[in-house]
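Start at 1 and go down the list; that is how both ligands and their atoms are numbered.
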Amino acid sequence: MAEKTILLDKTPEELAQYLKQEGQPAFRAKQLYSWLHKGVPFSEMSNLPKAFREKLGEECWDLPMEIHEVFPSQKDDTVKFLFRCKDDHIIEGVLMHYHYGYSLCISTQIGCKMGCAFCASTLNGCVRNLSSGEMLAEVLLANRYLGDKGHVGHIVLMGSGEPMDNYEHTVRFLRAVNHPEGLNISLRNISVSTCGLAPQIRKLAEENLGITLSLSLHAPNDAIRRQIMPVANAYTLEETMDAVRDYVKKTGRRVVFEYALIDQLNSRREHALELARLLRELQCHVNLIPLNHVDERSLQPASPKAVQEFLHTLEEKHISATVRREMGSDIGGACGQLRRRYLQSGS
Ligand code: SAH
């Protein structure tokens, strides 16, 4: 990692402490925090002395990332980004336009070590965690791209990486992005998706954050789940569901289950019935996702007919469910596909 300090990693208190060490008056911390969280470079922080800005520039990063490439969809308003970190690693993010505004899907790690059998993000393993300031930079760069068109109002932590495997920085990011002196994005507008690290789900419930928890379930029982998600060997479905129930009880928030429909494996009527039994009496919503085919993977998506039948079976059993709309399918829709393509092109 580059040796310069990432100022966006710091809380206002930590930033004040840092400036104190630099012999700067306390009020500058507030000014600096506000500029940083608007994505303004040191050179344009007009109310800070030039010499101070130059010194900061030698020791610190203002924005620890840049846009490497932009891929606008031809089919809809979706835009995929490749971002370049200061150590030259590439990550991806997706900007989606909904009727309620812009939503950004961000990465939390460079790669992923969870090993899910359908996912492109994990194919090259995990290089390192992203810091909270790097996650913030993804949002700031998307806002810079949007310019006058708008700004990011919703965030989903569903890009590459497992947020609960990068717990400290994820929670730090959530607090920072919600800070009134910063981007001030409501925690209600943020979803954190996890493959199901049960102890961290329990810990997250204690943080008192109003975010939505998404659990990547993808199977109605352990036997199927273990075929596609190695994490199911570490935590049984019972342990994971216990942690989720605990989360719902503590936070009062409904939980969202992600369920990618894979041909034969998890998409038959018996699977839908088993899923409905598993989720009975839980305050939840199921997001059905037709599997995004990944070239390196042998798994095939369930047919559109099977998807509709699965949905109807859940509805029959009074489980709230929707089929996720496909967006930006022409630009490497699935998690980690774009970065994977970049790595393979050898550029
Ligand atoms: N690690 C976290 C967040 C990143 S993945 C998690 O597992 O939840 C975001 C979502 O996309 C997860 O639900 C994941 O299982 C799903 N996903 C990954 N690859 C996919 C694919 N090829 N088709 C459909 N969904 C996929």
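Other residues, nucleotides and ligands contribute over 12 non-hydrogen atoms within 6.0 Å of the CZ atom of Arg84. The environment of CG in Asn184 is crowded: more than 12 heavy-atom neighbours from other residues, nucleotides or ligands sit within 6.0 Å. Residue-environment remark: CD (Glu238) stays at or below the threshold of 12 foreign heavy atoms within 6.0 Å. Shown here is His151, whose NE2 atom has no more than 12 heavy atoms of other residues, nucleotides or ligands within 6.0 Å.
Looking only at atom types and distance, the side chain of His169 has no donor-acceptor partner in the side chain of Ser131 under 3.5 Å away. Using modelled atom types, one finds no donor on one side chain facing an acceptor on the other under 3.5 Å when comparing Lys30 with Ser34. If you check the side chains of Thr108 and Asn166, you find no donor sitting under 3.5 Å from an acceptor. Side chains of Ser121 and Ser160: a donor on one and an acceptor on the other come within 3.5 Å.
Within ligand 1, the atoms closer than 4.0 Å to a non-hydrogen atom of Glu258 are 13 (O), numbered from 1 in the order shown. Those atoms of ligand 1 with a heavy atom of His218 less than 4.0 angstrom away are 13 (O), 14 (C), 15 (O). Of all the atoms in ligand 1, the ones that sit under 4.0 Å from a non-hydrogen atom of Cys195 are 6 (C), 7 (O), 8 (O). Those atoms of ligand 1 with a heavy atom of Gly161 less than 4.0 angstrom away are 1 (N), 2 (C), 3 (C), 4 (C). Heavy-atom proximity to Val294, at under 4.0 Å, picks out these atoms of ligand 1: 22 (N). For ligand 1, the atoms closer than 4.0 angstrom to any heavy atom of Glu162 are 1 (N), 2 (C), 6 (C), 7 (O). Each of the atoms 6 (C), 7 (O), 8 (O), 12 (C), 13 (O), 15 (O) of ligand 1 lies under 4.0 Å from some heavy atom of Ser216. Counting atoms of ligand 1 from 1 in the listed order, those under 4.0 Å from a heavy atom of Cys119 are 18 (C), 19 (N).
Between the choices Pro301, Ser193, Gly159, Pro163, the shortest heavy-atom distance to atom 4 (C) of ligand 1 belongs to Gly159.
Of all the heavy atoms of Leu215, none lies under 4.0 Å from any atom of ligand 1, so neither backbone nor side chain is involved. Of the heavy atoms in His293, none comes closer than 4.0 Å to ligand 1.
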